[in-house]
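I have placed the structure first, in the form of structure tokens, so that the comments after it can refer back to it.
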Amino acid sequence: MKTETLIDLLARGAGPAPRHAAARRLLPAAGFGLLVSAALALALIGPIPAALYATPVPWMKLGYAAALAAAAGWLTACLARPAMPAVRPRRALLAVVALMALLGVVGLATTPAGERLAALLGHSWLACPWNVLALSLPALAAALWALRGLAPTRPRAAGGAAGLLAGAVGAAGYSLSCPEASAGFVAAWYTLGVALTGGLGALLGPRLLRW
Amino acid sequence: MPEDASPDDFESGLRPLWLRAQDGDDAAYREALARIATRLRSYLRRRMQSLPDELEDLVQETLLALHLQRGTYDASVPVSAWVLAIARHKLVDLWRRRGRRDDRHDALDDVDEALLVAEPDEAETQRDLARLLQQLPAAQRQAIVLTKVEGLSVAEASQRTGASESAIKVQVHRGLKRLALLVSKPDKP
């Protein structure tokens with residue numbers, strides 16, 4: 001086949017390029033992951049008492065998860081496109097984590113010294129990161145599948161970003177079931193759970209993101 | 001395009017064509033792809049001295065990948081950077097398939113576009129389009145032959161086959177995707 005023949009074939013009737021290709025694949029994946037992880041959290045772990053929604057506690061967690069998901073989704077969308085710079089979304093992601101860490105430190109600093117460790121560890125610090133990771137798996141599968149239809153030329157970084165996005169989605173689902181109240185707890189253990197999912201995504205990226 | 005065009009000239013000549021192509025100008029798209037093919041040939045030739053017979057195969061694979069992924073182009077990025085990122089990706093993929101993980105990876109970090117020299121020779125691969133098309137499912141083959149080989153519009157192809165226009169578009173896209181998969185398999189001609 002002559003290359004010219006191929007070019008004719010590709011160009012003929014090609015029409016306009018698809019628009020917003022990254023968002024059109026990643027947003028449904030994140031939405032699907034959120035639904036599944038919320039349903040799993042409510043069904044398997046159980047909902048927190050409704051009265052808690054009158055306090056800032058679940059909203060802090062949901063807000064953190066939403067900000068993380070926005071930054072990680074932006075990063076994933078950049079890494080899904082060849083030659084697209086990813087510096088700004090990386091900074092945004094670090095800023096979100098730093099802000100939550102700051103809130104956690106302030107929260108612990110204003111807690112009486114004797115209760116700080118209890119506030120940081122809560123009742124579930126051992127389970128929280130693993131629950132976040134487990135509830136992130138549906139979103140991780142969906143996000144990696146979405147990436148396979150795009151053009152990630154940096155597969156490890158793209159897989160890691162998809163993992164962070166999925167981790168944030170899983171954290172949002174878990175916050176519907178998580179009884180812990182301190183900002184320090186969220187800053188430490190939610191972040192660890194999201195980071196674990198990111199690490200898993202980075203491991204899977206080079207294997208799954210071939211095209 | 002003059003043979004000694006500098007990379008800046010390449011980008012400035014390609015960009016307006018590419019942006020028009022992205023908006024649906026098929027003639028501009030054909031011209032853009034032809035210029036890109038010429039650049040790809042010289043870019044890859046320098047990096048494939050151990051696999052000269054596969055040069056044109058990889059040029060064609062890269063063109064197919066560019067086409068299938070044209071939705072991932074962002075106007076904030078130089079077209080040539082986007083093209084070369086995909087070409088590099090396809091080159092790494094080829095080496096992995098060939099089991100070559102040696103020092104040639106060094107060449108990948110070298111994105112210096114000044115090394116690119118236009119090489120306008122027309123080239124051909126051993127692949128046969130008709131045979132490739134034979135390997136597609138009937139609906140995909142028919143959609144591609146009608147719209148891409150015979151040059152019917154999507155509406156005409158829809159009338160001819162009884163399939164909806166969106167179904168034709170989907171079959172064309174899937175068929176090209178499968179074609180890209182077929183040409184990247186080492187054992188298939």
Side-chain angles (χ1 to χ4, degrees), chain A residues 1-29 73-89 145-159 161-162 205-211, chain B residues 21-34 36-37 41 56 59-60 63-74 76-78 80-86 88-89 92-93 96 122-130 132 144 147-149 151-154 157 169 172 176 180:
Chain A
M1 169 169 43
K2 287 199 166 197
T3 299
E4 202 185 334
T5 311
L6 178 69
I7 289 174
D8 280 342
L9 182 90
L10 295 178
R12 184 171 292 153
R19 299 198 185 271
H20 311 297
R24 283 209 333 231
R25 289 189 68 92
L26 289 171
L27 283 175
W74 182 18
L75 179 62
T76 312
C78 286
L79 291 171
R81 287 177 283 180
M84 191 78 178
V87 178
R88 284 161 64 214
W145 174 81
L147 270 182
R148 280 173 66 94
L150 296 163
T153 49
R154 296 152 281 185
R156 185 173 301 279
R207 287 166 182 79
L208 298 180
L209 300 178
R210 293 184 181 174
W211 52 279
Chain B
Q22 291 289 93
D23 286 337
D25 181 339
D26 290 351
Y29 192 35
R30 176 177 291 109
E31 171 66 18
L33 287 178
I36 287 170
R41 207 167 284 131
E56 204 59 27
V59 169
Q60 293 185 3
L63 288 172
L64 260 167
L66 290 174
H67 174 72
L68 289 169
Q69 294 301 339
R70 61 198 284 242
T72 67
Y73 174 73
D74 186 283
S76 68
V77 174
S80 49
W82 181 80
V83 166
L84 291 189
I86 293 180
R88 255 193 329 274
H89 180 78
V92 174
D93 193 50
R96 194 179 47 223
E122 184 41 62
E124 188 164 357
T125 58
Q126 293 302 307
R127 305 175 174 130
D128 185 63
L129 181 60
L132 281 172
I144 288 181
T147 62
K148 296 279 191 179
V149 181
L152 266 57
S153 71
V154 173
K169 285 185 193 164
V172 169
L176 290 177

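Atom set for the values below is all heavy atoms of this structure, side chains included, hydrogens, waters and symmetry mates excluded. None of these values were measured; they are calculated from a predicted model.
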Q.
Tell me the closest heavy-atom pair linking A:L209 and A:R148, and the distance in Å.
A. CD2-CG, 3.9 Å
(Q) Using 0.5 Å steps for rounding, measure from the NE2 atom of A:H20 to the CG atom of B:D74. (A) 10.5 Å
Q: Drop me the distance from B:I36's CD1 to B:H67's NE2, to the nearest 0.5 angstrom.
A: 12.5 Å
Q.
Report which part of B:Q60 has an atom under 4.5 Å of a heavy atom belonging to chain A: side chain, backbone, both, or neither.
A. both
**Q.** Nearest atoms (heavy-atom pairs only) where B:L63 meets B:A37
**A.** CD1-CB, 4.0 Å
Q: Start with the C-alpha distance between B:D26 and A:R12, add both sets of side-chain angles, then the distance that settles salt bridge (Lys or Arg N to Asp or Glu O under 4.0 Å), and finish with yes or no.
A: CA-CA 6 Å; B:D26 290 351; A:R12 184 171 292 153; over 6 Å; no
Q.
Heavy-atom pairs under 4.5 Å with chain B: which of A:A151, A:A21, A:P152, A:G149 has the most?
A. A:A151
Q: Could you pull out all residues at least two apart from B:Q22 that satisfy side chain to side chain contact (heavy atoms under 4.5 Å, CB included)?
A: A:A17, B:W18, B:R70, B:Y73
Q. Hey, which residues of residues 76-84 of chain A are touching chain B, say heavy atoms under 4.5 Å apart?
A. A:A80, A:R81, A:P82, A:A83, A:M84
Q | Contact origin within B:L176 toward chain A - heavy atom pairs under 4.5 Å | A | side chain
Q. Contact part of B:V77 toward chain A, heavy-atom cut-off under 4.5 Å: side chain, backbone, both or neither?
A. side chain
Q. Which bit of B:A21 comes within less than 4.5 Å of chain A, counting heavy atoms only: side chain, backbone, both or neither?
A. backbone
Q | Pairing residues for A:W74 by the ring-ring contact (aromatic ring centres under 6.0 Å, His included) criterion, not counting sequence neighbours | A | none
(Q) For a side-chain contact (heavy atoms from CB on, under 4.5 Å) check, start with the C-alpha distance between A:T153 and B:W82, then their side-chain angles and the critical distance, and finish with the verdict. (A) CA-CA 10 Å; A:T153 49; B:W82 181 80; over 6 Å; no
(Q) Test side-chain contact (heavy atoms from CB on, under 4.5 Å) on B:R41 and A:T3; report intermediate values, then the result. (A) CA-CA 11 Å; B:R41 207 167 284 131; A:T3 299; 3.9 Å; yes
Q. Can you say whether B:S153 sits under 4.5 Å from chain A via the side chain, the backbone, both, or neither, judging by heavy atoms?
A. neither
Q. Got a sec, which residues hit salt bridge (charged side-chain N to carboxylate O under 4.0 Å, His left out) with A:R156, two or more places apart in sequence or on another chain?
A. none
Q | Residue among A:P155, A:G13, A:P85 with most heavy-atom pairs under 4.5 Å to chain B | A | A:G13
Q: Give, as side chain, backbone, both or neither, the part of B:T147 having an atom under 4.5 angstrom from any heavy atom of chain A.
A: backbone
Q. Which bit of A:L10 is near chain B, if near means a heavy-atom gap under 4.5 Å: side chain, backbone, both or neither?
A. both
Q. Chain A heavy atoms under 4.5 Å from B:L64: which part of the residue, side chain, backbone, both or neither?
A. both
(Q) Whether the side chain of B:R30 engages the backbone of A:I7 through a donor-acceptor N/O pair (distance < 3.5 Å, no angle test) should be reported. (A) no
